[in-house]
Amino acid sequence: VQLQASGGGLVQAGGSLRLSCVVSGSIFSVRALGWYRQAPGKQRELVATISIYGGTWLGDSVKGRFTISRDNAKNTVYLQMNSLKPEDTAVYYCNSVPSGSVWGQGTQVTVSS
């Protein structure tokens, strides 16, 4: 199973980042995909999903700021994050929805105030 997230970094509040995640073809083509995040001391939470047909859902905390998309030719799912806030600081992971038992290493996003 491949769930390779990248694109994180340190950004000031109000800035933008674009996360990418390469997903195994066996999962990508048959499962809805999602971006999850886990902040220090908190449980992992689902923030955005995209179905195999392209339908999307965004959590209330990121609605209007984040966009999820997928490139079927590249087996890649993206998370465009705009107007970032310090509370968006977390490790971001991609996985299927519902999530599988295997998680990738994630990518750290740090938003400074």
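- Contact between Met81 and Val109 at its shortest, heavy atoms only, is CE-CG2, 3.8 Å.
- For Lys85 and Asp88, the salt-bridge test fails: no basic side-chain N is under 4.0 Å from an acidic carboxylate O.
- Note: Cys94 SG to Leu3 CG = 5.0 Å, rounded to the nearest 0.5 Å.
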Under 3.5 Å donor-acceptor pairs involving side-chain atoms of residues 44-52, not counting sequence neighbours:
residue	atom	partner	partner atom	Å
Glu45	OE2	Arg37	NE	2.7
Glu45	OE2	Arg37	NH2	3.3
Ser51	OG	Tyr53	N	3.1
Ser51	OG	Gly54	N	3.2
Ser51	OG	Gly55	N	3.0

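- Under a hydrophobic clustering in which Ile, Leu, Val, Met, Phe, Trp and Tyr are joined whenever their side-chain heavy atoms come within less than 4.5 Å, directly or via other members, Leu84 and Leu58 fall into the same cluster.
- Taking 4.5 Å as the limit, every side-chain heavy atom of Thr56 sits out of range of all side-chain heavy atoms of Phe66.
- Phe28 and Val77 get closest at one heavy-atom pair: CE1-N, 4.3 Å.
- Here the closest heavy-atom approach between residue Ile68 and residue Trp35 is recorded as CD1-CD1, 3.6 Å.
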Report, one line per pair, each donor and acceptor closer than 3.5 Å where one atom sits in a side chain of residues 4-17; sequence neighbours left out.
residue	atom	partner	partner atom	Å
Gln4	OE1	Gln2	NE2	3.2
Ser16	OG	Asn82	OD1	2.9

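- Proximity of a side-chain donor or acceptor of Arg31 to a complementary backbone N or O of Ser99 within less than 3.5 Å is not detected.
- Taking the centre and axis of the six-membered ring of Tyr78, the NZ or CZ atom of Arg70 falls outside the cone set by 45° and 6.0 Å.
- Residues forming a side-chain contact (heavy atoms from CB on, under 4.5 Å) with Val91 (at least two apart in sequence, or on another chain): Tyr93, Gln108.
- Annotation for Val97 and Leu33: closest pair CG2-C, 3.6 Å, computed over non-hydrogen atoms.
- In this structure, Lys74 places its NZ atom where only 12 or fewer heavy-atom neighbours from other residues, nucleotides or ligands lie under 6.0 Å away.
- Panel note: side chain Asn95, backbone Gly100; a donor-acceptor pair is recorded below 3.5 Å.
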